[in-house]
Amino acid sequence: MGHLDHASFGWLTPLLSYAMACIGAALGLRCTVRALATTGRSRRNWLVTAASAIGTGIWTMHFVAMLGFGVSGTDIRYDVPLTLLSLLVAVAVVCAGVFAVGYGRERGRALFLGGLTTGLGVASMHYLGMAAVRLHGDVSYDPVLVALSVAIAVLAATAALWAGLNIKSPLAVAVASLVMGAAVSSMHYTGMLAVSVRVTPSDTVLPGATAMQFIFPLAVGLGSYLFLTSAFVALSPSAGEREASASVQRPVESAAG
């Protein structure tokens, strides 16, 4: 059996991955709050932004954590198409969950279906990302820990969607995002504890790209997207601010008339 190292760079990758999960969650929650205060095309656009932020944050969290993953006795490569597919799955399923909550008439039912769909999608993203790993050996999983990781994903997703519906203040969003980041990180490392590898030494060159060739630049790009989108959301006026601005302008226009 190969020895698995989940933090070959020390605490750097766990902390960075947790930060990415928190940023994605915070941005997604703020966008959901904005979406629920609007209607029509504006609501749809805010929900799409929320889904892309949460999905991107979860995916970036997973693969930043994977930068610290190593197995003794073998190199590790990543299948590029499968890795990109895992990103698309993350964004798509979060989008489905967010839209279910954003447009659902019965909030309890929408929250249940949205949380279940999103949680299963997040778990699918994780294990699809693991399926993209190429190494000299065979990977197996502890089914009990796999089931636990899926349960954590569903609970974390449901909590995130509930927070989007019920939490409004920036301070509450910040606290909720820290909790959600911890839940997503717990799901990831629970899933990684389920992994065991039987190494088969070989001189054959593994297919795919190394983490530094592919995962690192993509994670940096997506992390930059999260930061830039956060700045955009922070600087864009909320519905309440637009209403206040409009109410100030009306008396001025009336007086001018």
Student: Checking S86 against W59 for the side-chain hydrogen bond (donor to acceptor under 3.5 Å, both in side chains) test, could you report, in this order, the C-alpha distance in whole Å, the side-chain angles of both residues, the deciding distance, and whether it holds?
Tutor: CA-CA 8 Å; S86 70; W59 187 93; 2.9 Å; yes

Student: Do M192 and L4 share a hydrophobic cluster (ILVMFWY, side-chain heavy atoms under 4.5 Å, transitive)?
Tutor: yes

Student: What's in the same ILVMFWY side-chain cluster as Y18, cut-off under 4.5 Å, chained through other members?
Tutor: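 Once heavy-atom contacts under 4.5 Å are chained together, Y18 belongs with L178.
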
Student: Name all residues meeting the side chain to side chain contact (heavy atoms under 4.5 Å, CB included) criterion together with V93; count only those two or more places apart in sequence or in a different chain, and write none if there are none.
Tutor: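 With neighbours one apart ignored, the set is V89.
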
Student: Indicate, with yes or no, if L88 and V80 share a hydrophobic cluster defined by side-chain heavy-atom contacts under 4.5 Å among Ile, Leu, Val, Met, Phe, Trp and Tyr.
Tutor: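 No, V80 does not connect to L88 through the hydrophobic network.
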
Student: Could I get the full list of side chain to side chain contact (heavy atoms under 4.5 Å, CB included) partners for A25, not counting sequence neighbours?
Tutor: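 Only S177, M180 meet the side chain to side chain contact (heavy atoms under 4.5 Å, CB included) criterion with A25.
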
Student: For T83 and D79, indicate whether the former's side chain and the latter's backbone hold a donor-acceptor pair under 3.5 Å.
Tutor: yes

Student: So, does S42 use its side chain to make a donor-acceptor pair with the main chain of T38 at under 3.5 Å?
Tutor: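 Pair absent, no side-chain N/O of S42 close to backbone of T38.
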
Student: Run the side-chain contact (heavy atoms from CB on, under 4.5 Å) check on H3 and V71 step by step: do they pass?
Tutor: CA-CA 6 Å; H3 172 71; V71 180; over 6 Å; no

Student: Given the rule in the side-chain contact (heavy atoms from CB on, under 4.5 Å) test, do R77 and V133 qualify, once you have shown the distances and angles that lead to the verdict?
Tutor: CA-CA 6 Å; R77 298 287 187 274; V133 173; over 6 Å; no

Student: Do L36 and V101 belong to the same hydrophobic cluster, where Ile, Leu, Val, Met, Phe, Trp and Tyr are linked whenever their side-chain heavy atoms lie under 4.5 Å apart, directly or via other members?
Tutor: yes

Student: Under the side chain to side chain contact (heavy atoms under 4.5 Å, CB included) test, which residues partner N166, sequence neighbours left out?
Tutor: W162

Student: Which ILVMFWY residues can you reach from W11 by hopping between side chains whose heavy atoms are under 4.5 Å apart?
Tutor: L15

Student: Sequence neighbours excluded, which residues qualify as side-chain hydrogen bond (donor to acceptor under 3.5 Å, both in side chains) partners of S124?
Tutor: none

Student: Under the side chain to side chain contact (heavy atoms under 4.5 Å, CB included) rule, collect the residues that match up with V179, sequence neighbours excluded.
Tutor: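 Partners of V179 under the side chain to side chain contact (heavy atoms under 4.5 Å, CB included) test: none.
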
Student: With sequence neighbours left out, write down each residue that passes side-chain hydrogen bond (donor to acceptor under 3.5 Å, both in side chains) with S149, or none if nothing qualifies.
Tutor: Y127

Student: Are V144 and V150 in one and the same hydrophobic cluster, where Ile, Leu, Val, Met, Phe, Trp and Tyr link if side-chain heavy atoms are under 4.5 Å apart?
Tutor: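 No, V144 does not connect to V150 through the hydrophobic network.
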
Student: Filter on ring pair (Phe, Tyr, Trp, His ring centres under 6.0 Å), then keep only pairs touching residues 175-195, sequence neighbours left out; what's left?
Tutor: H62-H188, H126-H188

Student: Return yes if some donor-acceptor pair links the side-chain N/O of R43 with the main-chain N/O of A35 below 3.5 Å, else return no.
Tutor: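 Pair found, side chain donor or acceptor close to backbone of A35.
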
Student: Give a yes or no answer on whether the side chain of S17 reaches the backbone of P14 with a donor-acceptor pair at less than 3.5 Å.
Tutor: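 The answer is yes, because a donor-acceptor pair under 3.5 Å joins these two groups.
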
Student: Which residues satisfy the ring pair (Phe, Tyr, Trp, His ring centres under 6.0 Å) test with F99, sequence neighbours excluded?
Tutor: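 Once residues adjacent in sequence are excluded, the partners of F99 under the ring pair (Phe, Tyr, Trp, His ring centres under 6.0 Å) criterion are Y103.
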
Student: The criterion is side-chain hydrogen bond (donor to acceptor under 3.5 Å, both in side chains); which residues satisfy it with S202, sequence neighbours excluded?
Tutor: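 Counting only residues at least two positions away or on another chain, S202 forms a side-chain hydrogen bond (donor to acceptor under 3.5 Å, both in side chains) with T204.
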
Student: Ignoring hydrogens and angles, write down the donor-acceptor pairs under 3.5 Å from the side chains of residues 220-232, residues two or more places apart or on other chains.
Tutor:
from: S224; atom 1: OG; to: V220; atom 2: O; distance (Å): 2.9
from: Y225; atom 1: OH; to: S52; atom 2: OG; distance (Å): 2.7
from: T229; atom 1: OG1; to: Y225; atom 2: O; distance (Å): 2.7
from: S230; atom 1: OG; to: L226; atom 2: O; distance (Å): 2.7

